[in-house]
Amino acid sequence: MAGFLPTLAELADGGHQGLHTLYVSPLKALAADIKRNLRTPADEIGLPIRIEDRTGDTSQTQKKRQRADPPHILLTTPESLALLTSYEDAARTFAGLERVIVDEIHALAESKRGDQLMLALARLQRLRPNLRRVGLSATVEDPDAIASFLARHPDHCDIVLADPGPDPDISMLQTEEMPPWAGGGAAYAIPAVLEQIKRHKTTLIFHNTRAQAEIFFHNLWLANDEGLPIGIHHGSLDRQQRARVEAAMVRGELRAIVCTGSLDLGIDWGDVDLVIQIGAPKNVKRLVQRIGRANHRYNAPSKALLVPANRFEVVECVAALEAVKAHDLDGEPRGRGPRDVLCQHILIAAASGPFDADSLFAEMTSAGPFAGLSRPEFDACLEFCATGGYALRAYDRWQRLQQRSDGMWQLRDPRAAQRIRMNIGTIQDTDTLKVRLRRNRGGKPLGEIEESFAASLTPGDTFLIGGQIVRYEGLREMVVEVTRRADKKPKIATFMGTKFATSTQLSDRIMTMLEQSDWPQLPGHTAEWLALQRDVSRLPGRGRLLIESFPHEGREHLCVYGFAGRNAQQTLGLLLTKRMEELDLAPLGFVATDYATLIWGLDAVTDPRPLFRIEDLRHGLETWLAGNALMKRTFRASATIAGLIERNMPGQRKSGRQATFSSDILYDTLLKYDPDHLLMQITREEAMRGLVDFGRIEVMIARVQGRIDLIRLERVSPFAAPLFLEVGKVPVKGAAEERLLAEESDRLLRAAGLAQMEST
Amino acid sequence: MNGVKFSFAGQLLVALGSGALWWPEQKTLCVSDLHLGKSERFVRRGGPALPPYDSHDTLNRLAEDIEQTKAGTVVCLGDSFDDLDAARSLAEAERSRISTLQAGRRWIWIEGNHDPGPIELGGTYLAEWRCSALVFRHIAQLGAKSEISGHFHPKATLRAAGRLMTRPAFLVDDSRIILPAYGTYTGGLRSSDETLKGLMAEDAVAILTGKRPRSIPMPR
């Protein structure tokens, strides 16, 4: 609210014509929430102000009117703003604009949505040179980094630090039962959590993944003998379902809401007096943000409880508690703005009218994330937008952008502007299918599941969605039809959404804690576990890399404690097994967590050094990675943002997948014929920091500098034991898929009474 | 050469892993839906500039199959070009590639819905072609017998050990064969689609393409 005071003051005399202040937030719901909260005081003071929001949910008529006759205050999202700047009449829409307020700026600064927003602000600043920008956030670990992200480069940005208020009242939930060795469900804590719900007015129960939220809600409901009103809220549930839960919460009718990141940010939902975080928070900043959901009043301390889901998470939770007390927030430096977003904005600029390359370059490099962009890099992006930028110059006749005789660039076909507008945005939606109850005339929508999960279902299978068990009946017109017949143990639906890796800072804190001589801050059972590990093996530390080798159930095992986070440990597993295969060490599979990778195979590793040469790993990354599915997924995201793949096409209502081909084919083609193409460069750059996270492997190897301790044990160590219970084991396979296919096809044919056709 | 042998209308045929159909007795190689020039048509119509290597790649694979089989006749079952303009504006390199492939063998272009008319390339242009007992046309006709067609780009999915494997596929029953699309940038239509279920008999088989092509009961 405070962010709007200058706006209200300047609008008080009623003399301002047109748009005055633009408010941008990462959530649609936040825009609607702010509108409600702003309307009341404005009306009470009797200010003659028009306040409207504009998001993906706003009607077409309303949107059209807003362009021609904008309100004084417009509340919107980065995507809707980018769309507004793509129209020919943008200059008229934004005439009069004085201020831009960016809310929850730390959340935007972490993603491509923020990079997109800064490019849009650069455009607005050119239209309105005296535009003032304000960024708001309650959780910023590095205010200077956010300042240079937000401000027009190279302008100065004032940083105002507000009184942080009292420290939160935060601790680990005490339970009678000990947390299990592995897993993420935290089912052991259900009775204690129910007890807390009873003692508080409204409790928010945060989970790291939607699947975990579903399972926990299901278990909570089974144990809820008193029938307390408890709801569930996450991004894969149907919008109406979510709206119903939100409304019930505002009315104070719910005692608890099981939720995920969908309730992370600053919406004021009723009177929350307790926040419970299930599972290790992985990231201190997100934990602080979640804690802040409780007692959303200045001056009152927020109350929060952490519930580790397994024994190792006890250590991580304690490390996170210490970080919160020390006000030590984490955050990876983001690096420069990604060029796929830049390509999209070149197209947006073209959609709004002819442009001059020099001034567009000047405009874009005034955006903080792109301040370091070189002219040749910009030219390569422009070339990509114009011709595709291929080594084989095939499209000179059909350039998407053409340079006119006066040097200005414009769309060859003006109708292309509509296609560009339909594909604005950087949020990647995975392929999901709607889930509905089967009825005569289209039953109630329940939510969405991933297409690959839907494809794995056969009629009769059951799964959890929105806390209920439903039975898969069939697929009709790309809708998953279900009934409420819970006659089987439910499968666990996989939902989209990232699995967060434990942050570098938090991993460091954990390793530092392991170096202590004793652990008074840990519960007894966990301290004993660490001591036992120290006795039979060794504890991992920051300056060395601990590797254990031991036989178990007739297989040789290798456990690498890299503490590099889940994604990097996963990549390490792929790279090491690849290397082991080359060295004839017959690896069979591996599993990775945030702190270790466990590999099993036929032969014991006696000398780990050849496995950990960074050059070999990097080489393996380049050769192996090129054909990897993670790489293809990364390519698909970047190709979509950069405008090579269109998610939406004019006149295309249903998903016309028969007519399209997979992005994997485009990737394979480029890899074969044009491996240095701009999009391949972008894909490699993105993969390094995203799913592959090779950067953290490099940091880890630099940290230990060859100080590798290989310890040979007779049996599984206390630290390695939980890894055997982890899900997500990755089998090592080369020709395995062809063999699987052969075996399964034989089985199916036999079952159908047919013989396999003869192969040549 | 990896393929699956089967008997159809009294003839021995081989479904190759590449998606081509080989008829040894007639030394005839049949491919469908090459969609040459697809990337060019895409960009001409205001779409994004896709990597312009699809025609080159398709012809590479076709050349390999011709080389392997030493085919005396090549039948392209229609939609060989993404449209007639794409056929006309095919790059010089691709044109001469086609001429080279055509040298010393019979070449038959069947009309498709994307390329309904003659093009300025060598070979014979036909609406359909009969040879021995078999009839080759672009789109399958209800009630037809001994028919070989394309058009639908069929694909089929096999589930094994928790993985889904989707591949372009031949659909085969007693009276017809529908070929998968051969072109590099071609999507697929699931065998469980109503149209394909309606065309194919209950006991139809799908032959999944790939390194080692395999047959399965057609997924419905």
Side-chain angles (χ1 to χ4, degrees), chain A residues 384-390 392-395 397-400 411-413 415-416 419 452 455-456 458 475 639 642-646 649 657-662 665-666 668-670 672-674 677 679 735 737-738 740-749 751-752 754 756-760, chain B residues 1-6 14-16 22 38-40 42-54 56-57 89 91 93 152-153 155 157-167 172 181 183-190 192-193 203 205 207-208 210-217 219:
Chain A
F384 166 78
C385 294
T387 68
Y390 299 104
L392 176 70
R393 299 197 52 92
Y395 298 136
R397 270 180 74 199
W398 306 117
Q399 290 196 194
R400 209 172 188 184
L411 291 172
R412 174 178 56 82
D413 181 352
R415 287 170 302 179
R419 295 176 75 150
S452 58
S456 78
T458 38
L475 192 65
L644 182 67
I645 298 170
E646 293 177 321
M649 296 229 276
R657 304 198 64 190
Q658 301 91 322
T660 63
F661 43 87
S662 82
I665 292 175
L666 295 184
D668 289 338
T669 308
L670 278 175
K672 211 155 139 194
Y673 299 105
D674 212 341
H677 185 259
L679 269 182
E737 181 158 295
E738 295 297 328
L740 273 178
L741 202 145
E743 288 165 7
E744 182 61 13
S745 66
D746 283 347
R747 198 189 63 72
L748 281 174
L749 284 172
L754 298 167
Q756 180 63 252
M757 291 169 165
E758 188 188 341
S759 295
T760 57
Chain B
M1 190 171 57
N2 295 315
V4 168
K5 273 190 217 165
F6 60 99
V14 186
L16 299 181
W22 173 232
K38 178 156 183 152
S39 54
E40 192 262 356
F42 216 69
V43 70
R44 176 164 21 101
R45 297 201 165 183
L50 300 175
Y53 308 105
D54 53 326
H56 179 70
D57 190 69
S89 51
F152 291 106
H153 304 198
K155 64 179 179 185
T157 301
L158 177 63
R159 185 186 323 173
R163 301 161 69 104
L164 290 170
M165 292 170 270
T166 300
R167 305 270 174 96
V172 182
T184 295
Y185 291 172
T186 45
L189 182 64
R190 285 184 195 285
S192 55
D193 184 89
D203 61 355
V205 162
I207 302 173
L208 274 63
K211 255 190 198 134
R212 285 169 60 184
R214 305 291 298 193
S215 50
I216 56 171

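Order of the sequence lines fixes the chain letters, A, B, ..., with proteins taken first and strands second; residue numbering starts at 1 for each chain.
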| message | If you apply the rule side-chain contact (heavy atoms from CB on, under 4.5 Å), what do you find for B/H56 with A/Y673, and how did you get there? | response | CA-CA 10 Å; B/H56 179 70; A/Y673 299 105; 3.3 Å; yes
| note | Closest non-hydrogen atoms of B/R45 and A/R419, given as atom of the first, atom of the second and distance, are O-NH1, 3.3 Å
| task | Check each atom of B/F6 against the heavy atoms of chain A and say whether the ones under 4.5 Å are side chain, backbone, both or neither. | result | side chain
| note | Between A/R412 and B/R44 the two heavy atoms that sit nearest each other are NH2-O, 3.7 Å
| note | Checked A/D674, A/D668, A/L679 vs chain B; the most non-hydrogen pairs under 4.5 Å come from A/D674
| field | Greatest number of heavy atom pairs closer than 4.5 Å to chain A - which of B/V43, B/I207, B/D54 | value | B/V43
| message | So which atom in A/A416 and which in B/G46 form the shortest heavy-atom distance, rounded to 0.1 Å? | response | CB-O, 4.4 Å
| remark: Closest heavy-atom pair, B/P51 versus A/Y390, reported as atoms and distance to 0.1 Å, is N-OH, 3.0 Å
| request: Decide yes or no for A/L666 and B/L50: does some side-chain heavy atom of the first lie under 4.5 Å from some side-chain heavy atom of the second? | output: yes
| task | Can you tell which part of B/S192 gets under 4.5 Å to a heavy atom of chain A, answering side chain, backbone, both or neither? | result | neither
| field | Sole candidate of A/L392, A/T387, A/T669 that passes side-chain contact (heavy atoms from CB on, under 4.5 Å) when paired with B/P52 | value | A/L392
| message | Taking side chain as everything from C-beta outward and backbone as N, CA, C, O, which of these in A/R393 sits under 4.5 Å from a heavy atom of chain B? Side chain, backbone, both or neither. | response | neither
| said: With a 4.5 angstrom heavy-atom cut-off, is it the side chain or the backbone of A/R400 that approaches chain B, or both, or neither? | reply: side chain
